[in-house]
Number of protein chains: 2
Amino acid sequence: MSSSSSSELILELSSKSFDGYQYIYSHDSLTVDCKMKFGIYVPLVADKECVPLLIFLSGLMCTEQDFIIKSGIQRLASKYGFIVANPDTSPRSCNIEGDDDQSNFGEGAGYYIDAIESKWSKNYQMFSYVNDEFYELLIKNFNVDINRIGIFGHNMGGHGALISFFKCPAQYKSVSAFAPIYNVLKCEWSRNAFIKFFGQDEELWKEYDACELVASYDGPMPYAPILIDQGSNDQYKDNYLFPDKFIEACTNASFPIQLREQIGYEHDYFFIMTFLEDHFKYHKNEFEH
Amino acid sequence: MSSSSSSELILELSSKSFDGYQYIYSHDSLTVDCKMKFGIYVPLVADKECVPLLIFLSGLMCTEQDFIIKSGIQRLASKYGFIVANPDTSPRSCNIEGDDDQSNFGEGAGYYIDAIESKWSKNYQMFSYVNDEFYELLIKNFNVDINRIGIFGHNMGGHGALISFFKCPAQYKSVSAFAPIYNVLKCEWSRNAFIKFFGQDEELWKEYDACELVASYDGPMPYAPILIDQGSNDQYKDNYLFPDKFIEACTNASFPIQLREQIGYEHDYFFIMTFLEDHFKYHKNEFEH
């Protein structure tokens, strides 16, 4: 009963865009114990054959709406023939005291981790939600080629994409990111959240830090260095994101990345939309090798 | 003093996107007697030469934000080397009783007309704002080729674009529209507004109805029939927009239009973004002839 209800999808939006449809669905999630919404663009070609899937993880304060409204994803998903799915960024309406007081913690700020502290652990299981329940739901309900699944994201969602790839290498053929939180252990936003989700023991936090995870990564290597775009005018770059720390960690681990500094660009969707097609090309190339 | 303050622009947003910048400016408008915001994308090529200008008029309930966030305009403005400017849809914060009670009247719903009734006539002068003050402000402050200026819009803004073209043929080389209110005299939304803006005399309303204006149009003819895209699944099509009335009026006036029914598309930005490049091509072709 509960298992089947978990994958029962309620259609919230269906709108034709380019050669496909932008949908929003909701479902009752067992993993985070609340109703969750997600966006998914399905190109018409998926009616006839299984197609690649990209999962996009959004950043702080986003819902399932931001990416589908602001990025221009529909044109590219149609052009490349990819399904593109984007989950919400946290559980919603769980009525936990303090879950909507701060923009960098709680609702809209789940950090794609599995919380341990009892106050949060019932709902804040976004790592398992994305990589188990949501992943399986997509494969079960849509015409996905399971050998061509990639993950990418922005800000908190770039962090989410990187840690999902490093922790679940069998599930993702490729990963890329836009201005991710490269080093959650150092970032004030995530430190404020992790102390609540995990308590004081920072060893537990390391399970979800891209810089830590790349050091112990032993999955398949990407064909081309993983693509990360970073705006040079990003106001958060030096004090919250810490690209230098990730470059250092990848260098030490001999893990190949291509971190492109995009001169003059900010941290916003105007930046993301500019380089989104390059990310499609990157994932497509990974799928072909 | 007042004349110069009218064109003093305050930069509210500057963000690099593709090969250019998306800006939002505000200024104190003399015409509508309040602070007005507008979006403008300026391609880098405009640093070196004067370029074409497209003015986009947004629909009901929009601000200057919707079009620049939801349409994907930046990629196309960059690719075609056009400046694209979009004003707000009404005066704001004028504190007129009843100006924010209804989604189809007042704030976010100025209908691009010049009101006559004294309660509204001080501020609701959106026709003159767009076609005089805003138009001149763009030419004065940006590197615009005045011989290549087009106007287009969506919903209420599609109506605004059509009436601007018909009433000011010397100003606009081209016009196109997405699912416009083709016949404001028949549409319940605009009838509710026009009775407040103009009073009961419907003869006064006709000054701003595209079906009426095409009948008396005596400006230059477009090189190619004016392009209008209309989603077949548009929920407002038959009861609020009335494409058939405009087709009839254009046929009677021997005025060339190409009204394309786009099968399966709705009334939203997912529809607009799909066909936006066709509109760039249409205007570009008009500019070249």
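Because only heavy atoms are used, hydrogens play no part in the values below, and waters and symmetry mates are left out as well, while side chains stay in.
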Student: Check whether A:Leu13 gets within reach of chain B through its side chain, its backbone, both or neither, counting any heavy atom under 4.5 Å.
Tutor: side chain

Student: Are there donor-acceptor pairs under 3.5 Å across chain B and chain A? List atom names and distances.
Tutor:
from: B:Ser15; atom 1: OG; to: A:Asp268; atom 2: OD1; distance (Å): 3.4
from: B:Ser15; atom 1: OG; to: A:Asp268; atom 2: OD2; distance (Å): 2.5
from: B:Lys16; atom 1: NZ; to: A:Ile263; atom 2: O; distance (Å): 2.9
from: B:Ser17; atom 1: OG; to: A:Phe270; atom 2: O; distance (Å): 3.1
from: B:Phe18; atom 1: N; to: A:Thr274; atom 2: OG1; distance (Å): 2.8
from: B:Phe18; atom 1: O; to: A:Tyr265; atom 2: OH; distance (Å): 2.7
from: B:Ile263; atom 1: O; to: A:Lys16; atom 2: NZ; distance (Å): 2.9
from: B:Tyr265; atom 1: OH; to: A:Phe18; atom 2: O; distance (Å): 2.7
from: B:Asp268; atom 1: OD1; to: A:Ser15; atom 2: OG; distance (Å): 3.4
from: B:Asp268; atom 1: OD2; to: A:Ser15; atom 2: OG; distance (Å): 2.5
from: B:Phe270; atom 1: O; to: A:Ser17; atom 2: OG; distance (Å): 3.1
from: B:Thr274; atom 1: OG1; to: A:Phe18; atom 2: N; distance (Å): 2.8

Student: Between B:Phe270, B:Phe275, B:Phe271, which has the largest tally of heavy atom pairs under 4.5 Å with chain A?
Tutor: B:Phe270

